[in-house]
Amino acid sequence: MTVLSRYIAGQYLRVLGLCWGSAGLALFLLEVFEKLGNLSEDRAAAGAIATYLALKIPRLLIDAYPATALLSVLLSFGLLARHNEILAIRACGISPWKLAAPVLAAATVVSLVALAWTERVVPAASERARLIRENEIKQRDTHGFHGRTSIWVQSAVGFVRADHYDAQRATLYGVSIFDTDAALRLRRIVEAPLARWSGEAWQLERASVREIGEDGSVHQRPFEPQDVRLTESPVTFEKRQPKPKEMTYGELSRWIRALEARGAPVSEYRVERHLKIAWPLSGVVTVLIGFPLAVRGGRRFGLGYNVAVGLLVGFAY
């Protein structure tokens with residue numbers, strides 16, 4: 001890398017660091033002011049509230065990345081144009097796209113780091129933040145536990161697992177009911193591909209039953225209505241629904257394939273899966289968008305113009 005390339009890339013990275021840090025801080029303060037009033041009403045420990053808010057930072061940084069990447073390229077080249085450095089570089093016969101190459105390379109590296117951050121850090125932090133909010137701050141009785149790719153609910157009959165709950169159709173997909181006795185010994189397993197809420201009760205479709213004997217033997221037979229009855233409301237399953245932001249790309253892909261096999265709607269989750277790649281890599285796209293605007297407009301209109309254009313194009317993107 002030439003001295004000029006290092007200089008231009010360094011200029012961009014310095015401005016990116018300043019913009020990204022400022023945007024992340026602004027979003028964090030907004031999150032604090034938005035949530036602090038409700039959190040203080042729960043009278044939770046200060047440590048739990050602080051940990052919950054701190055775990056929001058990884059997601060907020062990723063949310064701020066595309067706009068700050070665009071604003072950074074506009075500002076960095078705007079500063080170069082303001083000091084006539086671009087004019088001097090162009091006078092030496094260097095093409096505009098040779099100016100853009102080091103910034104594009106730096107943006108690609110940063111976007112790959114953001115992609116790894118989205119895949120490794122954000123899901124775990126989001127899941128941990130939700131658990132702290134429900135268990136330590138809200139102190140709710142969760143009636144079971146959350147799974148990243150399935151719904152688990154502690155029921156009066158034992159435990160209920162489902163692959164997916166469709167709120168619009170009030171339908172559970174991939175239902176397994178683990179019927180236990182008072183000593184939590186498994187007595188029977190009821191499985192059904194679908195369970196529909198009729199307004200008063202759950203109707204299992206094409207269900208089957210496996211009886212578990214005391215000696216561990218398994219006997220399968222057709223389902224009968226008196227075998228088991230789900231008493232949980234649809235709201236319970238809706239609250240336990242897995243969150244795509246808490247899954248990695250691989251986990252979300254496997255979950256989508258499982259839902260497709262069950263006939264569940266998955267278009268919303270396909271969008272979330274695409275966003276896991278598109279959002280971090282949008283930094284490269286915004287550099288390609290912002291560079292021509294910065295080179296052409298920065299020399300004539302200055303930094304104020306670049307900031308205005310950055311905000312406008314960022315929101316549009």
Side-chain angles (χ1 to χ4, degrees), residues 123 126-127 130-131 134-135 140-214 216-273:
S126 299
E127 182 183 26
R130 174 179 51 77
L131 292 176
E134 293 189 355
N135 298 335
R140 291 171 176 167
D141 182 5
T142 57
H143 298 289
F145 57 92
H146 288 263
R148 276 195 179 182
T149 58
S150 60
I151 305 169
W152 283 89
V153 174
Q154 186 176 0
S155 172
V157 299
F159 298 92
V160 181
R161 180 196 175 278
D163 288 332
H164 175 64
Y165 173 67
D166 184 356
Q168 293 184 346
R169 299 175 176 84
T171 302
L172 283 169
Y173 293 86
V175 182
S176 298
I177 304 171
F178 301 91
D179 185 10
T180 61
D181 58 18
L184 295 181
R185 186 184 68 85
L186 186 61
R187 298 187 301 181
R188 67 174 61 91
I189 302 174
V190 179
E191 295 178 313
L194 290 175
R196 302 184 189 275
W197 178 253
S198 64
E200 298 179 353
W202 292 99
Q203 305 295 330
L204 301 179
E205 297 186 7
R206 305 191 303 276
S208 61
V209 179
R210 283 184 287 173
E211 296 282 358
I212 311 297
E214 293 186 0
S217 61
V218 180
H219 172 66
Q220 188 164 347
R221 61 175 176 81
F223 173 76
E224 298 178 3
Q226 65 270 20
D227 282 330
V228 70
R229 179 179 174 84
L230 284 178
T231 58
E232 286 66 35
S233 68
V235 176
T236 301
F237 293 101
E238 187 172 2
K239 289 181 178 179
R240 302 278 83 75
Q241 179 80 334
K243 308 296 189 294
K245 67 180 180 181
E246 298 176 6
M247 302 181 196
T248 65
Y249 185 90
E251 289 172 339
L252 186 54
S253 296
R254 290 190 292 272
W255 192 44
I256 289 173
R257 288 195 294 269
L259 295 182
E260 287 177 327
R262 303 264 185 195
V266 296
S267 57
E268 176 184 352
Y269 304 115
R270 284 193 183 130
V271 173
E272 293 290 341
R273 182 177 62 179

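Position 1 is the first residue of the sequence; numbering continues from there. If you're wondering where the values come from, they're calculated on a predicted model, not measured in any experiment.
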Rounded to the nearest 0.5 Å, what separates atom CG in Leu252 from atom CG in Leu259? 9.0 Å
At their closest point, which heavy atom of Val209 faces which heavy atom of Pro222, and how far apart are they? CG2-O, 4.2 Å
Closest non-hydrogen contact found for Ala264 with His164 is CB-CD2, 3.9 Å
Which atom names give the shortest non-hydrogen contact between Arg257 and Arg254, and what distance separates them? NH2-CG, 3.1 Å
Hey, what do you get for CD (Glu232) to CD (Gln154), rounding to the nearest 0.5 Å? 9.5 Å
Donor-acceptor contact below 3.5 Å, side chain Trp255 vs main chain Asp163: yes
Is the ring pair Trp202/Phe237 parallel, tilted or perpendicular, if the boundaries are 30 and 60 degrees? perpendicular
Within the 4.5 Å heavy-atom criterion, are Gln220 and Glu191 side-chain neighbours or not? no
How long is the straight-line distance from CZ of Arg210 back to CG of Leu186, given to the nearest 0.5 Å? 9.0 Å
If you round to the nearest 0.5 Å, how far is CZ of Arg130 from NZ of Lys243? 5.5 Å
Heavy-atom closest pair (Met247 atom, Pro123 atom, distance to 0.1 Å) is O-CG, 3.6 Å
Value for CD (Gln203) from OG1 (Thr171), rounded to nearest 0.5 Å, stands at 11.5 Å
Any idea which heavy atoms bring Ser253 and Arg273 closest together, and the distance? OG-CD, 3.3 Å
Less than 4.5 Å apart, any side-chain heavy atom of Phe178 and any of Trp152? yes
Rounded to the nearest 0.5 Å, what separates atom CZ in Arg187 from atom OG1 in Thr180? 7.0 Å
Would you mind reporting whether Pro265 and Arg169 have side-chain heavy atoms less than 4.5 Å apart? yes
For the student: nearest non-hydrogen atoms of Tyr173 and Asp166, plus distance: CE1-CB, 3.8 Å
Before accepting this row, confirm whether a basic side-chain N of the pair Asp179/Arg188 lies closer than 4.0 Å to the acidic partner's carboxylate O. yes
Are any non-hydrogen side-chain atoms of Val160 and Leu172 less than 4.5 angstrom apart? no
Would a 4.5 Å heavy-atom cut-off, applied to side chains only, mark Val218 and Ile212 as touching? yes
